[in-house]
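In what follows, a single structure is set out as C-alpha cells and then discussed.
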Amino acid sequence: MMCSDPQDLRRRASWDGVSGISRRQLLNDLRRQYEMEISLCTPICFVQPLTSCLADHIPSSTTTPQRRFSTLLTQPREYQRHPSRCRYHSSPVDPSSSSLCGDHTCDKESFPQKTTTILKVHSDEVWNVAWSHDGTRLASASKDKTAIIWRIGLEAELSSRDCIAEFILRDHPYPLGCLAWSLDDSILSTSADHLILLWNTKVDFKFSCLALRHS
C-alpha cells in the first residue's frame, strides 16, 4: 500500500495513535475471530496456526478478559447448584458444599416420601403446578379449565401448614396445561391451546388479564 505521508498511512489503517482505541479494537476483533473459529469446530490444522500467531505477537494479558480464570472456576460450581442437576434434590444447595472435585448430590433417603397435605379444590385432573419464587404461593393448572393460587403457610412443621386457595382463576375456555411466575411473582401466566392469560397478583390479588392469541 502506497501512502503519501505518515498521516495518510494512519488514516488508511484507521489508527488513532498510541493513546487511541484502535489497537484495543483490533485485538478484540482478533479474539472474537479466534473464538468463532473454535465454536465452529474449524479443523485443528487451521486453528493451530492462528493460536500460534496470537501467542507469538499478542500477550495473553491482552487477549484474555480480566479475572477469566476466576470465572472459569465459578461456572461449574454454579452449574451444580441448579436443582435439575441432582436427581434427588430436595433442599437448597449450600455454596460451601459444591466442589470442583466432585458433583453435588442429595441423599436418596432424604427425598420427601410422606404426604403432608392434600389440596382438594379442583374438580378434575391437575396437569401442572408451579411455586412462586419466594416460596409462599403455589399455582396449579387443571383440566377443569381453572388455575388456583394457593397461599402456603410458613410453619416449620409441614403437616401443620395452612394451604388456602386464595384465588380461583376461571377465564380460560380450555383445560389448562402451563403455568409460569414472573421473576418478582407479580404476574402469573396461564396457557391452554392457543390462548395465554397474564394475571396481576400484586394488587390485593385482584387480577387483570391480557389475552395473547396465536394463530
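Keep in mind that this is a model prediction, so the values were computed, not measured. Here, residue 1 is the first one in the sequence, and each next residue gets the next number.
Within the model, atoms CZ of Arg151 and OG1 of Thr136 stand 4.5 Å from one another, a figure rounded to the nearest 0.5 Å. In this structure, the separation between NZ on Lys145 and CG on Leu169 is 15.5 Å, given to the nearest 0.5 Å. One finds the CD1 atom of Ile187 at 6.5 Å from the CG atom of Asn200 (value rounded to the nearest 0.5 Å). The OG atom of Ser132 sits 12.0 Å away from atom CG of Leu183, with the distance rounded to the nearest 0.5 Å. Atom CD1 of residue Ile148 and atom CZ of residue Arg170 lie 8.0 Å apart, to the nearest 0.5 angstrom.
Scanning all heavy atoms of the two residues, the minimum distance from Ala141 to Leu176 falls at CB-CB, 3.6 Å. Residue Ala147 comes nearest to Leu179 through the heavy atom pair CB-CD2, 4.3 Å, listed as atom of the first residue, atom of the second, then distance.
A heavy-atom distance below 4.5 Å is not found between the side chains of Leu119 and Ser140. Put simply, the side chain of Thr201 reaches to within 4.5 Å of the side chain of Arg137, judged on heavy atoms.
At a threshold of 4.5 Å between side-chain heavy atoms, the hydrophobic network of Ile, Leu, Val, Met, Phe, Trp and Tyr places Leu188 and Leu195 in one connected group. In terms of hydrophobic clustering, with Ile, Leu, Val, Met, Phe, Trp and Tyr side chains grouped at heavy-atom distances under 4.5 Å, Ile168 and Trp150 are assigned to a common cluster. Hydrophobic clustering, with ILVMFWY side chains joined whenever heavy atoms are under 4.5 angstrom apart, groups Ile152 together with Val126. Taken together through direct or relayed side-chain contacts under 4.5 Å among Ile, Leu, Val, Met, Phe, Trp and Tyr, Phe167 and Leu197 form part of one hydrophobic cluster. Residues Trp131 and Val121 share a single hydrophobic cluster, defined by chaining ILVMFWY side chains whose heavy atoms lie under 4.5 Å apart.
Every residue meeting the side-chain hydrogen bond (donor to acceptor under 3.5 Å, both in side chains) condition with Ser142, not counting sequence neighbours, appears here in chain and number order: Asp144. Residues satisfying the side-chain hydrogen bond (donor to acceptor under 3.5 Å, both in side chains) criterion with Asp184, sequence neighbours excluded, are Ser182, Ser186.
Of the possible donor and acceptor atoms, none in the side chain of Trp181 sits under 3.5 Å from a partner among the backbone N and O of His133. Judged by distance alone, the side chain of Asp134 and the main-chain N or O of Asp185 form no donor-acceptor pair under 3.5 Å.
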